[in-house]
Amino acid sequence: MAIHLGANQYGKAESRVVRIYRDSPRHQIRDLNVSSALRGDFEDAHTTGDQADVLPTDTQKNTAFAFAKEKGVGAIEDFALTLGGHFIDSAPAAEGARIEVEEYSWERIPVDGEGHDHSFVRAGSGVRTTVVNVEGRGDERRAYVVSGIKDLVVLKSTGSEFHGFLKDRYTTLPETNDRILATSLVARWRYDHAGVDWDKSYDEIKALLLEQFATIHSLALQQTLYGMGEAVLERHPEVAEIRFSAPNKHHFLVDLSPFGLENPNEVFIAADRPYGLIEATVVRDDASDAGSAWHAVPGFV
Ligand SMILES: O=c1[nH]c(=O)c2[nH]c(=O)[nH]c2[nH]1
């Protein structure tokens, strides 16, 4: 029986790197979740057990913490690009490095109208993400950056309709021209090139996604997502494509008639399961080649 090793990668997942900048009494905090994975010619590690080419996952983890001290944490995209390049240079058998970073943001706790110097409260509106793939050495080096946001929980209490859909003998869903629309959005956008002002781009895209969710009169979550993506591509030439994964967090009107009460869209039950799952990509016709940008990014069409 002929058997061979198929696709593989290895690394350290979810190192929780917390960096405090304490050069003055007014501290700053960066709170990251860093995952690294190397791919390349690691055949022997699997088939014979020879680990000569393997840069241990423990070393990969140590490097993330050491770089947080030595180089500091700038934009998560730059941190990931630096780590990825370093791993390829350190492990000759590596052909590609995939670095994923999530950032949890903290706000200063207000005390007497001022943000406190060293006490923070976790900010609740989404987790910033990046997935960076670095390949090749020297002049052959290429890097792909896919950044985004996840756990961005949004709801609109009107301005959402759903009707005109296909019906068959199993259809019971009533048509509606006024419903709650809610989701916990995951959006990931692929940058066309490096050298972007990552923080500015992230802040603007996040604000734009929220503004579009608020102002698009929704005929379906699909149409809302497409409109949000279109707005990002129109206003951000640095973005080649954007992908969404959005659970439709259903809110069902409660029947209060047994209690002699009317319920004109005022009391709902928030169902957690099942949920519709709407996924879509919005892409420029002339988008650059995606290369390995989406390598091992789960949960997207
Ligand atoms: O926005 C929606 N899109 C759907 O495809 C769908 N299907 C469904 O039952 N409700 C909804 N809502």
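This structure is a prediction, so every number in the text was calculated from the model and none was measured. First listed ligand is number 1; within each ligand, the first listed atom is number 1.
Counting non-hydrogen atoms of neighbouring residues, nucleotides and ligands closer than 6.0 angstrom, the CZ atom of R22 reaches no more than 12 such neighbours. Residue I269 qualifies as open at atom CD1: its count of foreign heavy atoms under 6.0 Å is 12 or below.
Look at D203 and R128 and you find no salt bridge, because none of the NZ, NE, NH1 or NH2 atoms lies under 4.0 Å from a carboxylate O.
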Could you walk me through whether T129 and E100 pass side chain to side chain donor-acceptor pair (under 3.5 Å), step by step?
CA-CA 7 Å; T129 66; E100 179 164 5; over 6 Å; no
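Ring orientation note: the planes of F67 and H86 are nearly perpendicular, at an angle over 60° on the 30°/60° scale.
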N or O contacts of ligand 1 with protein under 3.5 Å, please list pair by pair.
residue  : atom   : partner : partner atom : Å
ligand 1 : 1 (O)  : R179    : NH2          : 2.9
ligand 1 : 1 (O)  : L221    : N            : 2.7
ligand 1 : 3 (N)  : Q222    : OE1          : 2.8
ligand 1 : 5 (O)  : Q222    : NE2          : 2.9
ligand 1 : 12 (N) : R179    : NH1          : 3.1
ligand 1 : 12 (N) : N248    : ND2          : 3.2

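I180 belongs to a hydrophobic cluster whose remaining members, ordered by chain and number, are L155, L253, F268; membership requires side-chain heavy atoms of ILVMFWY residues under 4.5 Å apart, directly or through intermediates.
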